[in-house]
Structures are given as C-alpha cells and as structure tokens.
Amino acid sequence: MTNPSESLSLVAYAPAPTRGDNRPLAIVHGMERTFPGLRLEWTISDAGQLIPLPQRDEWVAKGRRDGPGIPLVCDGGNASSRVTLSGWERPAGSSPGNLRLFEVHADMPWDATGIAAAAAVLEDIGDCARAFWGYVNPEGIAVTVAEQFRHPEDDPHISPKGLPSLKLPWELPAPEIPHYLAWLNYWSAAAARALGFPDPSRDAELLSRARRTATGGWVVQLTEAPLDLDDPAHLNTLKRTYERFPEIGGRAAP
C-alpha cells in the first residue's frame with residue numbers, strides 16, 4: 001500500500017526556457033489559481049530555512065541563479081504539507097530528440113485538498129508551460145517507474161509487477177512521446193495525436209475520466225483514487241492502458 005503521508009508529485013516537460021520567458025510567472029500564477037487558498041510567497045534557503053518573498057513576481061521573473069526557469073517557491077507551510085514549485089532546463093543529452101527542455105516540478109500534499117486539486121493544477125501548469133506532456137503520481141511510485149526503464153546493461157530486463165519495459169527518455173524520437181503512464185496524464189494536442197487519442201471505439205473508459213484543456217490537449221485520469229500499485233484493480237488498469245498506447249515509452253514497432 002502506498003504511504004498516504006507521501007506527497008503528490010507533478011512533472012511537466014515543455015520547450016526549453018529562455019531569458020525573458022514569461023512562462024515561469026504564468027505557471028506560478030496558474031498554480032495559485034487552481035490550488036485553493038495557495039500563495040507561493042516563500043522560498044527555502046540552502047540551510048533549509050523559509051525565506052519570505054515580498055516581491056515574489058519580480059524575484060521569479062529574474063529566473064534561477066543557474067539560468068532560466070522557476071526558482072523554488074513554496075507556501076511556507078509545514079514540511080509535511082508544503083506545496084512547492086520549481087523548474088529548470090533539462091539538457092539535450094538526457095531528452096528525447098536531443099532537444100533541450102523545460103522541466104517543471106511541483107509537490108502537493110496527499111490530502112483531500114491536494115487530491116481534489118491535482119487534475120486542475122496539472123491542466124493549468126501544462127497549458128501555461130506549453131508542455132508536451134506531464135503527469136501527477138504519488139511520490140512512492142517513482143521507484144517502480146525507475147525500474148521499468150531498460151538500461152544497456154540490462155540483459156534480460158525484468159520490469160516490476162508485470163509492467164512493460166520502457167526505453168530511456170533520451171532514446172525516444174520526439175519530446176511529445178510520454179516516457180510512461182501515471183495516475184494523471186497531461187497530453188498536449190501533439191502528444192494526443194502521436195498516441196492516437198482519443199479513439200471513441202477504444203477509449204470510452206478513459207474518456208469518462210478525461211478532460212479537454214484550453215489548448216486542445218487532454219488530462220487523462222487512470223483511476224478514481226491516486227494510483228496504488230498494490231491494488232490489483234489499479235495495476236490492471238495501468239497494464240491495459242499501456243497495451244492501448246504502445247508508443248508510450250518507445251514500445252511501438254518502428
């Protein structure tokens with residue numbers, strides 16, 4: 001059983017950030033707009049201390065110390081329930097198509113508020129970032145996902161829980177191909193086309209839990225509750241969805 005004290009992890013992959021990019025501030029405002037009562041007006045020092053940001057928008061607009069992106073902002077809450085947001089450049093060498101990307105990360109508490117807001121937050125961040133794809137997963141699932149990736153030295157590769165083996169992200173041909181499936185999946189219009197979604201004849205179940213975004217993409221929810229890989233029904237849903245979309249993780253025949 002996944003530990004309910006964990007957080008919900010959001011990641012989105014978008015075109016590379018640039019100096020003067022207006023997306024970081026739009027993403028901050030979007031997360032505040034979709035997460036009830038949220039104000040991201042703090043950061044955290046290297047020593048782990050909370051620091052207030054009285055001129056937050058100006059501070060975010062300056063970018064990170066190491067380049068363009070979103071410097072860490074948070075809500076100033078307790079560490080166990082804190083909401084955080086940041087983003088940075090992902091190097092071309094570790095990205096699909098050998099392209100630099102903008103990688104946005106957020107953590108939300110796994111409580112009634114966080115679970116209820118997660119889909120709207122993912123939708124808004126995905127659209128504001130102009131993301132290719134993104135997701136929300138319970139934090140603990142990252143270990144299982146990491147074990148799904150096939151490395152060159154893995155011969156044979158045995159993926160956990162009967163889930164499919166996946167190519168490494170930099171082996172994928174294009175940035176709109178999702179690396180893997182999650183509880184909540186943001187697929188841009190380009191990603192949806194690459195996956196052949198939606199197909200009304202095959203995707204009725206997924207469409208019953210999907211929402212169209214303002215930019216023509218989709219947020220697709222696999223299970224009602226956050227994904228629990230120790231729940232046989234959740235695991236079967238995940239396996240069926242992988243079978244439906246062999247493009248995810250680079251498993252489709254060339």
Side-chain angles (χ1 to χ4, degrees), residues 1-14 23-60 64-65 69-88 102-129 131 134-146 180-186 209 211 219-231 234 238:
M1 179 68 68
T2 308
N3 186 346
S5 67
E6 293 175 346
S7 64
L8 293 170
S9 297
L10 182 155
V11 181
Y13 298 92
R23 289 177 298 166
L25 198 53
I27 291 167
V28 172
H29 290 166
M31 189 169 189
E32 289 181 330
R33 184 168 55 245
T34 50
F35 194 102
L38 179 65
R39 294 298 298 169
L40 296 167
E41 296 178 332
W42 300 75
T43 190
I44 302 173
S45 72
D46 293 340
Q49 300 299 311
L50 286 168
I51 301 173
L53 298 170
Q55 302 295 324
R56 191 276 312 278
D57 283 8
E58 292 83 351
W59 185 78
V60 168
R64 300 167 57 88
R65 286 180 293 179
I70 306 173
L72 176 68
V73 289
C74 69
D75 66 344
N78 295 327
S80 61
S81 60
R82 187 172 295 156
V83 178
T84 64
L85 174 67
S86 58
W88 54 84
F102 182 17
E103 185 170 335
V104 180
H105 284 248
D107 284 309
M108 298 171 283
W110 188 339
D111 58 17
T113 301
I115 291 170
V121 172
L122 177 61
E123 177 181 354
D124 210 297
I125 287 180
D127 279 0
C128 288
Y135 67 85
V136 174
N137 248 348
E139 178 187 13
I141 288 181
V143 174
T144 299
V145 170
Y180 51 89
L181 282 166
W183 171 46
L184 299 174
N185 302 272
Y186 177 92
R209 292 190 298 271
R211 55 202 288 175
V219 173
V220 180
Q221 179 172 338
L222 293 196
T223 54
E224 290 298 330
L227 195 61
D228 180 354
L229 298 185
D230 291 329
D231 183 325
H234 284 204
L238 184 60

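Starting from 1, each residue takes its place in the sequence as its number.
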Please examine the side chains of [Y] and [X], heavy atoms only from C-beta on, and report whether any two atoms are closer than 4.5 Å.
X    : Y    : answer
V104 : L85  : yes
V28  : C128 : no
V83  : L40  : yes
L184 : V220 : no
M108 : V121 : yes
P226 : I115 : yes
I70  : R23  : no
L229 : H234 : no

Using 30° and 60° as the class boundaries, would you call the ring planes of W88 and H105 parallel, tilted or perpendicular?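 The rings of W88 and H105 lie parallel, inter-plane angle below 30°.
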
Tell me if a side-chain donor or acceptor on E139 pairs with a main-chain N or O of S7 at a distance below 3.5 Å.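 Yes; judged by distance alone, with no hydrogens or angles, the pair exists.
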
Tell me whether E6 contacts the main-chain N or O of G140 through its side chain, where contact means a donor paired with an acceptor under 3.5 Å.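 Yes.
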
Looking at every heavy atom in both [X] and [Y], which two are closest together, and how far apart are they?
X    : Y    : result
A12  : I125 : CB-CG2, 4.4 Å
G69  : F102 : CA-CE1, 4.1 Å
A129 : I27  : CB-CD1, 3.7 Å
L8   : A118 : CD1-CB, 4.4 Å
W110 : P138 : CZ3-CB, 3.5 Å

Salt bridge (charged side-chain N to carboxylate O under 4.0 Å, His left out) partners for R82, two or more places apart: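 Salt bridge (charged side-chain N to carboxylate O under 4.0 Å, His left out) check on R82 returns nothing, list empty.
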
For R209, salt bridge (charged side-chain N to carboxylate O under 4.0 Å, His left out) partners two or more places apart: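 For R209 the salt bridge (charged side-chain N to carboxylate O under 4.0 Å, His left out) partners, ignoring immediate neighbours, are E205.
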
Not counting sequence neighbours, list each pair that qualifies as a salt bridge (charged side-chain N to carboxylate O under 4.0 Å, His left out) and has a residue in residues 25-36.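 Sorted result for residues 25-36: E32-R39, E32-R56, R33-D124.
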
Applying the side-chain contact (heavy atoms from CB on, under 4.5 Å) criterion to S9, which one of I141, D107, N137, V136 satisfies it?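 The side-chain contact (heavy atoms from CB on, under 4.5 Å) with S9 is passed solely by D107 among I141, D107, N137, V136.
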
If we check side-chain contact (heavy atoms from CB on, under 4.5 Å) with Y135, which of these qualifies: W183, Y180, Y186?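 With Y135 as partner, side-chain contact (heavy atoms from CB on, under 4.5 Å) holds for just one option, Y180.
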
Under the salt bridge (Lys or Arg N to Asp or Glu O under 4.0 Å) rule, what do R65 and D46 come out as? Steps first, then yes or no, please. CA-CA 13 Å; R65 286 180 293 179; D46 293 340; 3.6 Å; yes

